[in-house]
Every structure is written in C-alpha cells, then in structure tokens.
Amino acid sequence: MSADNARQEVCFFGAGASPGIARGKIHVVRDELDDVPRYRIAPSQIADEIGRFEAALIQTRMQILKMQQRIAESIGTKDAAIFDAHLLVVEDRTLIDEVLRKLETDLWNVEWVFQEVATRYAATLSKIDDPYLRERAVDIQDVSKRVIRNLQGKAPRAFLALTEPHILVAHNLTPSDTASMNKKHVLGIATDLGSRTSHAAIMARSLNIPAIVGLHDITAKLETGQYVLLDGIDGVLIVNPTAETLAKYAEIESKRAKVVAQLKELRETTSTTRDGRHIVLSANIELPEDVEAVFANGAEGIGLYRTEFLYLNRNTLPTEEEQYETYRQVAERVRPHPLIIRTFDLGGDKLAAGTVDITDELNPFLGWRAIRFCLENIDIFKTQLSAILRASTVGNVKIMFPMISGLDELRRAIEVLAECKEELRKAEIDIADKIEVGAMIEIPSAAISANVLAREVDFFSIGTNDLIQYALAVDRVNEKIAHLYEPTHPAVVRLLKMIADAAHANNIWVGVCGEMAGDIALTPLLLGLGMDELSTSAMLVPRVKRAVQSLAIPECRELVEETLKLDTPSEILARCLELADKHYGDLLG
C-alpha cells in the first residue's frame, strides 16, 4: 500500500470464520517456509539419524500433549481433542516406517526424508472432495513442521510471544499456532488460506476470537502496524476505517448482541412455523464428540453423520466392533431423537494406504466412490451395515446411502442390508424391528428419477452441495468458477421441487442436509418447496430455527410459485431475500 493512500479506507473480503468485530493494529506474519537442507549420509550414520528422528518424535509428542492440556484447561476437552489427530501423526507406523525405509535406501538426512514423506501424505489428503477431511492435511503439515524444527533445534515461531494487543494477519495458522498464541493479546485473526472448516477457524470460534479466512494474498498487501476493523461474520477486513465506519459497526455490534441473546432463548423451543407446521431441525456431525454441540444449540437429533473419519490416520480397516461402539455411543446420546448414519462415502482418495488395492483415477469425484465403492467391496460394506444394525437397538437409528444414481444401485444396497439383517438374526444378535432407510439425492439422475426411487425407501435427504455442482458442472472448490455455483439457479430450484414432489407423492419425508439448509436467506424457498427436515451445522441451528418460526407456509409456497416464473439466479435470490428480510431482517446482518 503506497504512502498516498496509506490513510484511505480500503476493504478486503474473505470468508467469515468466527463471529465478532475486532479493532486494532495488525501484526503481519509472512509464511515461514523452513529451509530444510538435503545432504548425503553414509550407511554408518543411519543409526544416528534414526536416533535423532526418534528423539524429535518424542519431543514433538510432549509438546502436543502440553498444548492439549492447556487447551483442555482453558476451553474444554472437546476442543483439545483437535490434537488427537496430531498425536496419531507422530505415532503413525505407516509414516514412520516409510521414513525409516527411505532413510536406508536413499541415504539422505532424516529432515529431508521426513519432509518428503509427510508432504506426500498431506498432498494425498488435500485432494479429498470433503472440506472437513481436506483440511485435515493441515494436521500433517503442522506436525511435520514441528518435527523438523525439533530436528533442527529451532525455537518456536516468534509471533507467538507477542505481548501487545494485535490482530494477527498470517498466510495460514496451524492448530499448534492457534493453541500456542497468547489469547489475551490476539484481538482477531485474518488469513490468506483456510475455510470455515479449517482448524484455525474451529479454534478461533472456540476461543471467541473474531476471524476471517480465505483472504488470498492479504499478507502481501498489508504491513505490521496498520489499523484495521475486522468483521468475522461478513468476512470484511477494513484497513484505516473512517469515523463513520467505526460508528456504523458500533451500532451493528449492539444489534448483533441483542440477536445473540434472543437466539439463546430459542434452545428449548420447537422449529414450528407461524401457521403450526413443524419442520424437523437436525444437525450434521463429523465426529462423535460433535454431539455436545447438537444439544447445546437445540437441534432435534442428527440428520447427517459422516462416518469417513473412521478411515483417517490408519493403515487397517475399522472392525465391526469398533464401528458398533462408535455408533452405539452416539445413538445412546441422541435418543429418542433420530441419528441418520450415512454409509461410507469412500473413494480412491479417501482410503488409508494399504487398506484396499486402489488405483489413481483421473476424476475421483465422479468415479469409484461412495455406494459404487461399497457395492464392489461387499465385506467393507457389510461390516459397516452390521455395526449400524446392532447399534439400532439402543436408539432411533436410520441408514442413508450416498451418491445413488439410479434404481439398480439402490435396490442392490437394500439387498445387501437385508442380507446383513438375516445374518445377524441367524446369529441371534438383536437389531431394531424397524429401521428407516433413505437415499441421499445428490446426483441429477437421482433427482430426475426420484419418483421411482421414492417407492423403495422411507426418506430422501438432499445433498445440495453435490447436487448443485453436478447439475451446473461447477467444481465448488475451484475459485475460478466459484461465482457460477448458484443455489438459486432455476434448474436447481426445479430439481429440488421434483425431489420434494416425488417424495410426498409416495408418502415419504424429504430433508436437506447440504449447505442450503443452513442459509437463512433460502429458508423460505426450502419451506415453500415442501422440505420436512433441515439439517445443518449445529452452530447455525438457532438462526434457522428463528427463521422457521418467523415464516408461514402459504407465503413460502407463493414465493416458490413466483420463483418458478423467474429466469435468473439473481432474480430468485432477490425474491427470497425480500421475504426473509421482511420477517427476520436482523438475522441477515
């Protein structure tokens, strides 16, 4: 930024990752790429290199445990569990054995070999088409940097010791960085990289530190000492805010505080529209420990339980007993509310090394994954289904099959489920008398043939994230075409209506478990289309509940009739916003 406009107000836009407003001077941290030297070692030096490596792993493990304890004491064990994945990295025999093997065959120094192996592991994980799982690549990168620094005898990163109040601006923040920094002095966080599911975002929310991620090259545009205002809800970073801007945000803060107080009071209320229609409001979870947030935010059970975490950080397949214990514990905690377990959405990019013989695919996200993978790996599929069926005796468990594209796939999946039921009965193992089975509708072919599929299942759950990207041919993680990813595209609205109408014509219920379910600007549209259930991240449940309680079904249906006559996404979005603003404009920010 030049001297001429140094005092001009300038706005930068990213993704709001942790709510709140912060004001203050910034401290800019450039991305630290540790210079890892590469040099040859003699075979006689291998033992010494292994010794250094083992010492660094032990030191790293102690540091992680210390951070975990500090986080547990300050903000709770749930958030400290983030570091469980870090501990798994330093104890991962597959990774460690690969380092030892390359050390002996390549004869390079252990820092270089470890960095090479860890980078390859992280690169594999970063290709996964699931934002939450893709962000786990950060775990490996974080731990590997710490191991390398310990191997080199380097001190912790300097910015962690800052003692003046500041807003931290960095290329990226690892979980270790966020856990180690002095929270008293960090007013806010802004990063080039990251998403709402990144560990930096999760930790910032837990610590109640306002944060913005995905600001691209903000570290290259700003300098330490500049004064900024950070809005962690709308994702706006304002450099040199004017007096008018500061006054405006002071008023916004006051209004938001009132809204937050009102939302807390909704926890024990039901999500019923003004005219008495009850909309089931559920939460999506990734890990068993996420259940705590489900009830803290007043959700009615779990509408999507992603189970792929069972395959992370391991080189063996999860056993039936291990899965059963996991599902049983969650089912017990949420009963009598529903627990909808999505069967493994696994593919070539989500399998731990050595578990299954797989080959690279040119386009794994349209390839051998989810139900396609499970139907060709019946043993893996049956192990999971049997574990779910056993857990059904202790709670209101439902099963959902992902990425169904047509009737043959669905029928085959139901047949395998029936086989599992019969095998368990023959073994005299108890299962629930009635277990609802649903199909996840996320492929256009399934939406178009929804009337046929609805005759075979008890419910539909619409995965809008994939449905939109497949219908519009837009990769939702490709920044170059992100603007084309439009939930209010007329084609998407028609597909949603087709699915809901088919469900109700066949007397089954239909829900939405994608990002649209948590977007309160689109709540009137979804209610008007006839959705019976909305399942979103737990933190968004109070806002969606307030939106539902503010609306009446007739006006939402009228909205849908109007939108079906409109031709562009922007026109449809504008009409949705108009109705939302009329009833809960204070929530729209």
Side-chain angles (χ1 to χ4, degrees), residues 77-78 81 84 267-268 270 278 280-312 314 317-346 374 379-402 413-414 416-440 457-461 508-509 511 513 532-533 535-538 541:
T77 54
K78 176 180 178 292
D84 288 343
R267 177 179 167 179
E268 302 301 327
T270 59
H278 177 231
V280 177
L281 190 49
S282 309
N284 301 336
I285 69 168
E286 307 275 356
L287 300 167
E289 51 263 35
D290 294 341
V291 174
E292 186 181 320
V294 174
F295 295 112
N297 288 283
E300 301 173 62
I302 295 166
L304 171 62
Y305 183 16
R306 300 180 177 97
T307 54
E308 293 76 42
F309 77 95
L310 286 161
Y311 271 82
L312 288 180
R314 62 189 300 153
L317 296 170
T319 64
E320 180 182 323
E321 197 62 30
E322 180 184 350
Q323 293 187 56
Y324 163 68
E325 280 300 321
T326 302
Y327 306 146
R328 179 189 63 78
Q329 289 172 21
V330 176
E332 283 182 341
R333 291 176 69 186
V334 301
R335 68 183 178 194
H337 297 299
L339 166 62
I340 301 179
I341 300 176
R342 182 180 74 182
T343 59
F344 291 135
D345 186 359
L346 294 170
C374 288
D379 289 346
I380 292 175
F381 195 27
K382 278 191 167 183
T383 297
Q384 181 178 34
L385 291 177
S386 296
I388 297 172
L389 289 170
R390 288 171 59 194
S392 68
T393 60
V394 299
N396 185 5
V397 176
K398 306 176 194 292
I399 296 173
M400 179 163 66
F401 299 123
I414 293 172
V416 176
L417 179 62
E419 290 170 16
C420 291
K421 288 180 180 178
E422 186 60 28
E423 289 167 7
L424 289 170
R425 287 192 183 107
K426 283 183 178 178
E428 298 184 346
I429 296 173
D430 290 339
I431 62 174
D433 294 331
K434 170 64 178 172
I435 303 165
E436 285 193 19
V437 177
M440 202 162 172
V457 293
D458 301 299
F459 67 91
F460 283 157
S461 188
I508 67 171
W509 63 267
C513 61
D532 303 296
E533 181 234 27
S535 189
T536 184
S537 68
V541 165

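This is a predicted model, so every value here is computed, not measured.
- Rounding to the nearest 0.5 Å places CD of Glu308 at 8.5 Å from OG1 of Thr343.
- The heavy-atom pair separating Val294 from Ala283 by the smallest distance is CG2-CB, 3.9 Å.
- Using bins of under 30°, 30° to 60° and over 60° for the plane-to-plane angle, the ring pair Phe295/His337 lands in the tilted bin.
- Annotation: side chain of Met400 is in contact with side chain of Phe459 (closest heavy-atom distance under 4.5 Å).
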(request) Just do the side chain to side chain contact (heavy atoms under 4.5 Å, CB included) check on Lys398 and Ser392 with the steps written out, would you? (result) CA-CA 8 Å; Lys398 306 176 194 292; Ser392 68; over 6 Å; no

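- Val457 approaches Val437 most closely through the heavy-atom pair CB-O, 3.4 Å.
- The shortest non-hydrogen separation linking Cys420 to Leu385 is SG-CB, 3.9 Å.
- Counting heavy atoms from C-beta on, the side chains of Ile399 and Ile388 come closer than 4.5 Å.
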(request) Show your working on side chain to side chain donor-acceptor pair (under 3.5 Å) between Glu300 and His278 and close with a plain yes or no. (result) CA-CA 12 Å; Glu300 301 173 62; His278 177 231; 3.1 Å; yes

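- By the 4.0 Å N-to-carboxylate-O rule, Glu321 lies close enough to Arg390 to be salt-bridged with it.
- For the pair Arg328/Thr326, no side-chain contact is recorded, criterion being any heavy-atom separation below 4.5 Å from C-beta on.
- Side chains of Gln384 and Phe344 form a contact here, defined as non-hydrogen atoms less than 4.5 Å apart.
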Which donor-acceptor pairs under 3.5 Å do the side chains of residues 421-429 make with protein atoms, sequence neighbours left out?
unit_1 : atom_1 : unit_2 : atom_2 : d
Glu423 : OE2    : Lys382 : NZ     : 2.8

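- Of all heavy-atom pairs between Ser282 and Val541, the closest is O-CG2, 4.0 Å.
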(message) What verdict does the side chain to side chain contact (heavy atoms under 4.5 Å, CB included) test give for Thr307 and Arg342, after you've listed the backbone C-alpha separation in whole Å, the side-chain angles of each residue and the deciding distance to 0.1 Å?
(response) CA-CA 7 Å; Thr307 54; Arg342 182 180 74 182; 5.6 Å; no

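- The distance from atom CD of Glu533 to atom CH2 of Trp509, rounded to the nearest 0.5 Å, is 4.5 Å.
- Minimum heavy-atom separation, Leu310 to Gln323: CD1-CG, 4.0 Å.
- When side chains are defined from C-beta on, Leu417 counts as touching Leu389, because their heavy atoms get closer than 4.5 Å.
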(request) Give the intermediate values and the outcome of side chain to side chain contact (heavy atoms under 4.5 Å, CB included) for residues Arg335 and Asn396. (result) CA-CA 6 Å; Arg335 68 183 178 194; Asn396 185 5; 5.7 Å; no

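- To the nearest 0.5 angstrom, Phe381 atom CZ is 10.5 Å from Glu419 atom CD.
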(message) I'd like to know whether Thr319 forms a side chain to side chain contact (heavy atoms under 4.5 Å, CB included) with Thr383, so could you lay out the CA-CA distance, the side-chain angles of the two residues, the decisive distance to 0.1 Å, and finally the verdict.
(response) CA-CA 7 Å; Thr319 64; Thr383 297; 5.9 Å; no

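- Between Val280 and Asp532, the closest side-chain pair of non-hydrogen atoms is not below 4.5 Å.
- Side chains of Leu339 and Tyr305 form a contact here, defined as non-hydrogen atoms less than 4.5 Å apart.
- Here the shortest heavy-atom pairing between Pro288 and Arg333 reads O-NH1, 3.7 Å.
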(message) Using side chain to side chain donor-acceptor pair (under 3.5 Å), reason through Thr393 and Asp430 one step at a time and then give a plain yes or no.
(response) CA-CA 7 Å; Thr393 60; Asp430 290 339; over 6 Å; no

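- Put simply, the side chain of Val330 reaches to within 4.5 Å of the side chain of Ile302, judged on heavy atoms.
- Ser537 and Asn284 form no side-chain donor-acceptor contact under 3.5 Å, judged by distance and modelled atom types alone.
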